[in-house]
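Chain naming here is simple, since letters A, B, ... match the order of the sequence lines and numbering starts at 1 in each.
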Number of protein chains: 2
Amino acid sequence: MGKLTAQAIAERALEIGDAEGLDAVTIRRLAGELGVTPMALYWHYKNKDQLLAGMADHLISGFAPGAADERPWQEQLRDLMVGLIRALRGHPCARNVFDHVDQVTVPSFLAVWNQALGLGRSAGFSVEESCLISKYLLQSAIAIADAPAHHREGQEVAERVRVKRLGLQTLSADTYPYIVEMAGPLAGGLDPELYDTFGVDLVLAGIEALAARRLESSP
Amino acid sequence: MGKLTAQAIAERALEIGDAEGLDAVTIRRLAGELGVTPMALYWHYKNKDQLLAGMADHLISGFAPGAADERPWQEQLRDLMVGLIRALRGHPCARNVFDHVDQVTVPSFLAVWNQALGLGRSAGFSVEESCLISKYLLQSAIAIADAPAHHREGQEVAERVRVKRLGLQTLSADTYPYIVEMAGPLAGGLDPELYDTFGVDLVLAGIEALAARRLESSP
DNA sequence: ACCTGAACACCGTTCAAGT
DNA sequence: ACCTGAACACCGTTCAAGT
């Protein structure tokens, strides 16, 4: 089979993480599946944090944002967001990976971030505001990509949703009336289409609204 | 000293997590600090996940949202968000805790969530939309509360920000021009005031904009 | 009800050594 | 350059036993 390379290790780690959760991604387990000694991995990654960063980089590596063009910034920001979501979709452990990683050490993520920063600036936001907007947009994209509604519609995930819904429905309807009422959608039974469009719309609507406020206060 | 109770254990765990990071919160370490055998903790929490849920619950327990009143929903949603942010502020490990916990198992979090759901409904959003909005608002609040700008202004955190900024500044200015330019604010050197107000404004502006769109499309 | 002691099956990582 | 072997200092958790 293929040679043992940093890339191959990260890919295998993602397979394990997607299938069994990030906790199952262990140096020893990973080495075992790759038919190698645990220490072999330390040649390619100097520790587990670096491996996680490698996984994060691999997750985004397929999505290189094109150079900024002449279209309105709203459109480009939306493309960036849906592109990122699409790249992370199908990797259930993606969000978990990014939670454990210092995003500043992930080159492909920095590339996307850089693009978002530029678009924020061109929308008329200050340096500080652009930082906040971009952080917020990227974080929201990661969260949206993590929608349970989209994870491979396996039998066992449907079962987990069912259990979760039942758990919510059996809560006290006096103290948590709305939770009980909306147990179905809350547990993950949402329309995937709506989840994506609505989430992206929400983020972009907020950014656009603040951009408009900026313009009217300092014309 | 105080008796060994689930509450006391969660408090001590939060102290460790806030001071040294969540990884330092270990059953054995925690038991040691409490002057007790590791197994003693298993009487109060049946496993570590339950302990983390207890920590999450303790984080929010100080913030009980008042019943919904007659004020406009925008105002109440804002109060809910800033209240949650204030409750989590000063607990650097809060975000990490919530990342590891199934939020549905945290009663005090469910109470806040329930409130947000109700306000979403009263804003005219559908059941599904209210679910998405509330999830999004709560998640954003947790992220905003985690602002590095707010963590106890200790010497060592200032040093970490400096190192991070330098790391960003020494990146290739060709591939990441905006990142390099905005290294300062990106590394965490933002005005705390701006961070909060702008973040909350962003989320609420998005929600309000979508509420307005709903009204005009189905009057 | 509340806690201890000993044991099990794991971790990440270092360090010296092999080829 | 790339990988192995043995060892260290940890983990979470179970299970039987104490009071």
Please give, in whole Å, the distance from [N] [atom2] to [X] [atom1]?
X: N47(B); N: dG12(D); atom1: CG; atom2: P; result: 11 Å
X: H100(A); N: dG12(C); atom1: NE2; atom2: P; result: 12 Å
X: D49(B); N: dG12(D); atom1: CG; atom2: P; result: 11 Å
X: L51(B); N: dG12(D); atom1: CG; atom2: P; result: 10 Å
X: L41(B); N: dC11(D); atom1: CG; atom2: P; result: 13 Å
X: M39(A); N: dG12(C); atom1: CE; atom2: P; result: 9 Å
X: I27(B); N: dA9(D); atom1: CD1; atom2: P; result: 22 Å
X: Y45(A); N: dC2(D); atom1: OH; atom2: C1'; result: 15 Å

Notebook entry, point to check: If you measure from the Lys or Arg side-chain nitrogens to the Asp or Glu carboxylate oxygens, is any gap between D196(A) and R89(A) under 4.0 Å?
Noted result: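 Salt bridge flag = yes for R89(A) with D196(A).
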Ignoring the backbone of [X], work out which of [options] is nearest its side chain.
X: A40(A); options: dT4(D), dC2(D), dT13(C); value: dT4(D)
X: W43(B); options: dA1(C), dT14(C), dT4(C); value: dA1(C)
X: T37(B); options: dT4(C), dT13(D), dT4(D); value: dT4(C)
X: K48(A); options: dC15(D), dT13(C), dG12(D); value: dT13(C)
X: V36(A); options: dT4(D), dC3(C), dT13(C); value: dT4(D)

Got a donor-acceptor contact below 3.5 angstrom from the [X] side chain to the [Y] backbone?
X: N114(B); Y: I179(A); answer: yes
X: N47(A); Y: Q50(A); answer: yes
X: Q115(B); Y: L80(B); answer: no
X: R121(A); Y: F125(A); answer: yes

Notebook entry, point to check: Between dG12(D) and T26(B), is there an OP1 or OP2 to side-chain N/O distance shorter than 4.0 Å?
Noted result: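 Looking at the OP1 and OP2 atoms of dG12(D), one of them is under 4.0 Å from a side-chain N or O of T26(B).
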Item checked: dC3(C) phosphate, OP1 or OP2, under 4.0 Å from H44(B) side-chain N/O ->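 Affirmative; the distance criterion is met.
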Margin query: Taking pairing as Watson-Crick or G-U wobble with both contacts under 3.5 Å, can you name the mate of dC8(C), or confirm there isn't one?
Written below: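 Matched dC8(C) with dG12(D) under the 3.5 Å cut-off.
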Next item on the list: Provide the Watson-Crick or G-U wobble partner of dT19(D), both distances under 3.5 Å; none if there is no partner.
Entry: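 Across all strands, the one nucleotide that pairs with dT19(D) is dA1(C).
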